[in-house]
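Below is one structure, written out as structure tokens; comments come after it.
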Amino acid sequence: AINSYTFKIWPYRGTAITCEEYLENIGLPSYYFKDGMGIEKNKFLYYLEFIYNIYHFARYKGLIEIESESVKAIIKNLDIIVEQMNYEFVKTEDKYLLVKRNSDMDSILTLVEKDIAELLLEYNDFKVKDNLQRKSEILKSIDKYIEKNQSEYSNIDKDSYKSWGYIVNNFGINHKTNEKYKDKDKKVIIEWYDKAFMLSIHLIRLTKIKEINSERKSLES
């Protein structure tokens with residue numbers, strides 16, 4: 001039903017014509033799904049994300065109707081499985097991202113503009129985990145947001161703001177990588193990118209903490 005009525009109008013199909021071809025294109029050939037065949041965790045996440053997205057797209061377009069209780073149970077299992085793996089599906093514009101669960105990040109999504117919230121979510125997307133280029137692009141966009149409010153962030157936590165600035169300016173995000181770090185391997189650079197991301201969450205959340213503290217002082221007066 002998906003192949004016949006839905007897949008060809010799915011905006012994320014690339015050049016694939018069928019679900020099977022799409023799975024081949026993202027590195028999931030059919031032999032992965034033979035009985036008893038193991039599958040790598042990352043590839044399994046790709047598979048779950050595809051099934052979740054194509055199902056919800058088909059339902060949104062009113063192109064399929066599921067009557068089988070077994071199939072309904074399988075669809076419900078998708079959320080259960082990813083939760084057990086410490087992930088969650090998060091709705092963006094017209095698709096769902098499969099992201100690592102992060103309570104710290106969840107607490108700040110409503111504090112920023114929609115485009116920044118989506119970038120914060122994307123950084124935790126499993127597909128971005130080892131993508132140095134995309135992580136750099138996301139951090140660069142977050143930096144533009146932080147710099148618009150630099151006086152506030154630097155006053156709230158000067159040391160964290162300084163650390164943020166040092167990373168984005170010396171590790172190939174805003175400028176060429178500092179000569180001291182140009183020989184660092186990809187894994188080390190990604191570790192510093194992840195530290196910068198943690199700093200951004202900390203700085204954004206601190207603005208709300210400052211507001212709460214101010215409200216508390218008003219109550220006391």
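Positions are given from 1 along the sequence. Computed from a prediction, not measured in an experiment: that's the story for all the values here.
In summary, the side chains of His175 and Asn170 do not present any donor paired with an acceptor at a separation below 3.5 Å, with no hydrogens or angles considered. Side chains of Asn155 and Tyr161: a donor-acceptor N/O pair is absent below 3.5 angstrom, by distance only. Judged purely by distance below 3.5 Å, without hydrogens or angles, the side chains of Tyr123 and Asp194 pair a donor atom with an acceptor atom. For the 3.5 Å distance criterion, the side chains of Tyr52 and Asp79 qualify, holding a donor opposite an acceptor.
Ring pair Trp192/Tyr181: centre-to-centre distance not below 6.0 Å.
Between Phe7 and Ala16, the shortest heavy-atom distance links the atoms CE2-O, 3.4 Å. The shortest non-hydrogen separation linking Met85 to Leu48 is SD-CD1, 4.4 Å. Across all non-hydrogen atoms, the minimal contact from Asp185 to Val188 is OD1-N, 3.0 Å. For Asn53 against Tyr96, the heavy-atom pair with the smallest separation is OD1-N, 2.7 Å.
Between the side chain of Arg13 and the backbone N or O of Lys8 there is at least one donor-acceptor pair closer than 3.5 Å. Side-chain atoms of Glu49 do not come within 3.5 Å of backbone N or O of Leu45 as any donor-acceptor pair. Side chain of Lys210 to backbone of Ile156: no donor-acceptor contact under 3.5 angstrom is found. Here the side chain of Ser136 pairs no donor or acceptor atom with the backbone of Leu132 at under 3.5 angstrom. Between the Tyr193 side chain and the Phe171 main chain, a donor and an acceptor come within less than 3.5 Å of each other. Checked by atom type and distance alone, the side chain of Lys158 never pairs as donor or acceptor with a backbone atom of Ser160 at under 3.5 Å.
Residues Lys114 and Glu118 meet the side-chain proximity criterion, which asks for heavy atoms closer than 4.5 Å. Considering only heavy atoms from C-beta on, Val112 stays 4.5 Å or farther from Ile108 through its side chain. Under the 4.5 Å side-chain criterion, counting only non-hydrogen atoms from C-beta, Ile138 is in contact with Ile142. Proximity of Lys61 to Thr6: side-chain heavy atoms (C-beta onward) are nowhere separated by under 4.5 Å. Taking 4.5 Å as the limit, some side-chain heavy atom of Glu113 sits within range of a side-chain heavy atom of Tyr145. At a threshold of 4.5 Å between non-hydrogen side-chain atoms, the residues Phe44 and Ile81 count as touching. Side-chain contact between Phe89 and Leu97: absent, with no pair of heavy atoms (C-beta onward) separated by less than 4.5 Å.
Between Lys72 and Glu69 there is a salt bridge, since at least one side-chain N of the basic residue sits less than 4.0 Å from a carboxylate O of the acidic one. Residues Glu220 and Arg216 are paired through a salt bridge, judged by an N-O separation under 4.0 Å between the basic side chain and the carboxylate. Salt bridge status for Arg134 with Glu137: present, with a side-chain N to carboxylate O gap under 4.0 Å.
Phe197 does not carry Lys135 over the face of its six-membered ring by the limits of under 6.0 Å from the centre and within 45° of the normal.
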Exercise. Start with the C-alpha gap between Tyr12 and Asp94, add the side-chain angles, then the distance that decides, and say whether side-chain hydrogen bond (donor to acceptor under 3.5 Å, both in side chains) holds.
Key: CA-CA 10 Å; Tyr12 298 101; Asp94 60 348; 2.5 Å; yes

